[in-house]
Amino acid sequence: MLNAFQAAAHDALARICTALGRPREAEHHAARAALTREGIENHLVGEDGAYRDGLDTDHASQHSSAIPVALGLAPTRRHRELGEALAAGGMRMSVYGAQFLLDALFTLGRAEEAHALMTARGQRSWLHLIDDLAATIVPEAWDPSLKPNMTWSHAWGTAPVNVIARWVLGVQVVAPGAARIEIAPQPGPLRWMEGTVPTIRGDVHVRCDREVGELEVRIPANCSARVRWEGMEWEIGPGATVMRVG
């Protein structure tokens, strides 16, 4: 897990340095990211394609695979098997780790399973926090039985809030200053949805009606976007665009 965070940190720094016009530093961090990725792939991947917990164990916990996938480290050739394993595992993550599990499932195209986790009612679920614990502020853990000294003020428990914006509505900023946006809705079991996601350049509005095969996207006047939906892809400029399928 820590190795995955290290690789992702170097990768992020490489992109930041590139955007700032600092090529030598970008090359340094890109090289460190590549070296760490190589080490992870060579030493921490089991025969089943899952990531192991460490060098001296064959145990592969849910977080050991979810976090590298969520951080973009897993090669596409293993996406199918990783997706099947994570989708079948249920919610074994902490409130904090749940963010990475949801990110991983959507990354792997397992929207149905991700939606199921967000609407579940078991002990490790957000509806348990709201309905059974009467939480009005986000707690530190799923339940006091799991952490008796839990506190009730941890923003890390709000994963569905950003997941709905970034993955369900599918709005993600991909260039500095939100100059470019990618919109790839993953409604999962939803037949209809609509929402607005704020960016530094203005609001992005997405409405999806799968019953009639219609997707409407509105982006700010000072940015561009790539839209992906139902296996198709469009480049759009400012304003409102309606895509129809079928």
Side-chain angles (χ1 to χ4, degrees), residues 1-20 22 24-46 48-79 81-83 85-87 89-110 113-114 117-118 124 126 138-142 146-147 150-151 153-167 172-176 182:
M1 179 176 72
L2 294 178
N3 293 297
F5 281 124
Q6 184 69 36
H10 279 300
D11 186 56
L13 285 168
R15 297 196 306 272
I16 290 169
C17 290
T18 298
L20 294 175
R22 299 164 72 165
R24 288 184 61 186
E25 292 174 72
E27 290 175 7
H28 166 76
H29 288 296
R32 299 301 298 178
L35 184 63
T36 309
R37 283 173 183 256
E38 182 180 359
I40 292 171
E41 288 299 308
N42 289 341
H43 301 291
L44 295 176
V45 177
D48 60 354
Y51 291 92
R52 295 181 295 160
D53 293 352
L55 293 176
D56 300 322
T57 179
D58 289 327
H59 187 264
S61 61
Q62 189 177 61
H63 71 260
S64 290
S65 286
I67 289 175
V69 173
L71 296 177
L73 304 182
T76 55
R77 68 178 182 276
R78 291 212 317 280
H79 276 195
E81 55 195 341
L82 284 166
L86 291 175
M91 178 60 74
R92 285 185 271 165
M93 307 286 264
S94 66
V95 171
Y96 167 77
Q99 172 76 63
F100 300 96
L101 178 57
L102 293 177
D103 281 345
L105 289 172
F106 278 110
T107 295
L108 297 170
R110 310 297 299 227
E113 291 84 356
L117 291 178
M118 289 193 288
R124 294 173 180 265
W126 289 275
V138 181
E140 183 183 10
W142 292 119
L146 302 172
K147 191 177 191 299
M150 64 188 277
T151 61
S153 56
H154 282 70
W156 67 28
T158 61
V161 176
N162 73 77
V163 165
I164 289 170
R166 293 169 49 247
W167 292 110
Q172 299 199 32
V173 170
V174 294
E182 287 198 357

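Here the CG-CG distance, from Leu86 to Leu102, works out to 11.0 Å after rounding to the nearest 0.5 Å. Taking CG of Leu101 as the reference point, atom CZ of Arg110 lies at 12.0 Å (rounded to 0.5 Å). Trp156 CH2 to Gln99 CD: the interatomic distance, rounded to the nearest 0.5 Å, is 12.5 Å. Atoms OG and CD, from Ser153 and Glu140 in turn, are 8.0 Å apart once rounded to the nearest 0.5 Å. Rounding to the nearest 0.5 Å gives a distance of 10.0 Å between CZ of Arg124 and CZ of Arg92. Atom OG1 of Thr107 is separated from atom CG of Leu71 by 9.0 Å, given to the nearest 0.5 angstrom.
Closest of all the heavy-atom pairs between His10 and Gln6 is NE2-NE2, 2.9 Å. Nearest heavy atom pair, residue Ala50 against residue Ala60, reads CB-CB, 4.2 Å. Taking all atoms of both residues into account, the shortest heavy-atom contact from Ala19 to Pro176 is CB-CG, 3.8 Å. Taking every heavy atom of both residues into account, Ala66 and Ala104 meet most closely at O-CB, 3.5 Å. In terms of heavy atoms, Gly90 sits closest to Gln62 at O-NE2, 2.8 Å. Nearest heavy-atom pair, Ala74 versus Leu82, reported as atom, atom and distance to 0.1 Å: CB-CD1, 3.8 Å.
The closest donor-acceptor contact from the side chain of Thr158 to the backbone of Val161 lies at 3.5 Å or more, if one exists at all. Put simply, the side chain of Ser65 gets close to the backbone of Tyr51: a donor and an acceptor are under 3.5 Å apart. The backbone N or O of Gly97 lies less than 3.5 Å from no partner atom in the side chain of His63, so there is not a single donor-acceptor pair. With hydrogens and angles disregarded, no donor-acceptor distance shorter than 3.5 Å links the side chain of Arg52 to the backbone of His59. Under a 3.5 Å cut-off, the side chain of Trp126 and the backbone N or O of Gly157 do form a donor-acceptor pair.
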Inset, instruction - Show the numbers, then the answer: is there a side chain to side chain contact (heavy atoms under 4.5 Å, CB included) between Val45 and Arg78? - result: CA-CA 11 Å; Val45 177; Arg78 291 212 317 280; 3.6 Å; yes

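A cation-pi geometry, defined here as NZ or CZ lying under 6.0 Å from the six-membered ring centre and within 45° of its normal, does not hold between Arg166 and Phe106.
In this structure, the side chains of Glu41 and Pro75 come closer than 4.5 Å at one or more pairs of heavy atoms. Residues Asp11 and Arg37 meet the side-chain proximity criterion, which asks for heavy atoms closer than 4.5 Å. Side chains of Lys147 and Trp142 form no contact here, defined as non-hydrogen atoms less than 4.5 Å apart. Contact of the Leu105 side chain with the Leu117 side chain is registered, since non-hydrogen atoms from C-beta on lie closer than 4.5 Å. For the pair Val95 and His154, the minimum side-chain heavy-atom distance is 4.5 Å or more.
Using a 4.0 Å cut-off between charged side-chain N and carboxylate O, Glu27 and Arg24 make no salt bridge.
In this structure, a donor-acceptor pair under 3.5 Å is absent between the side chains of His29 and Glu25.
Environment of CG in Asn42: crowded, with over 12 heavy atoms of neighbouring residues, nucleotides or ligands closer than 6.0 Å.
When each of Asp53, Leu44, Asn3 is paired with Ser64, the side chain to side chain contact (heavy atoms under 4.5 Å, CB included) condition holds for Asp53 and for no other.
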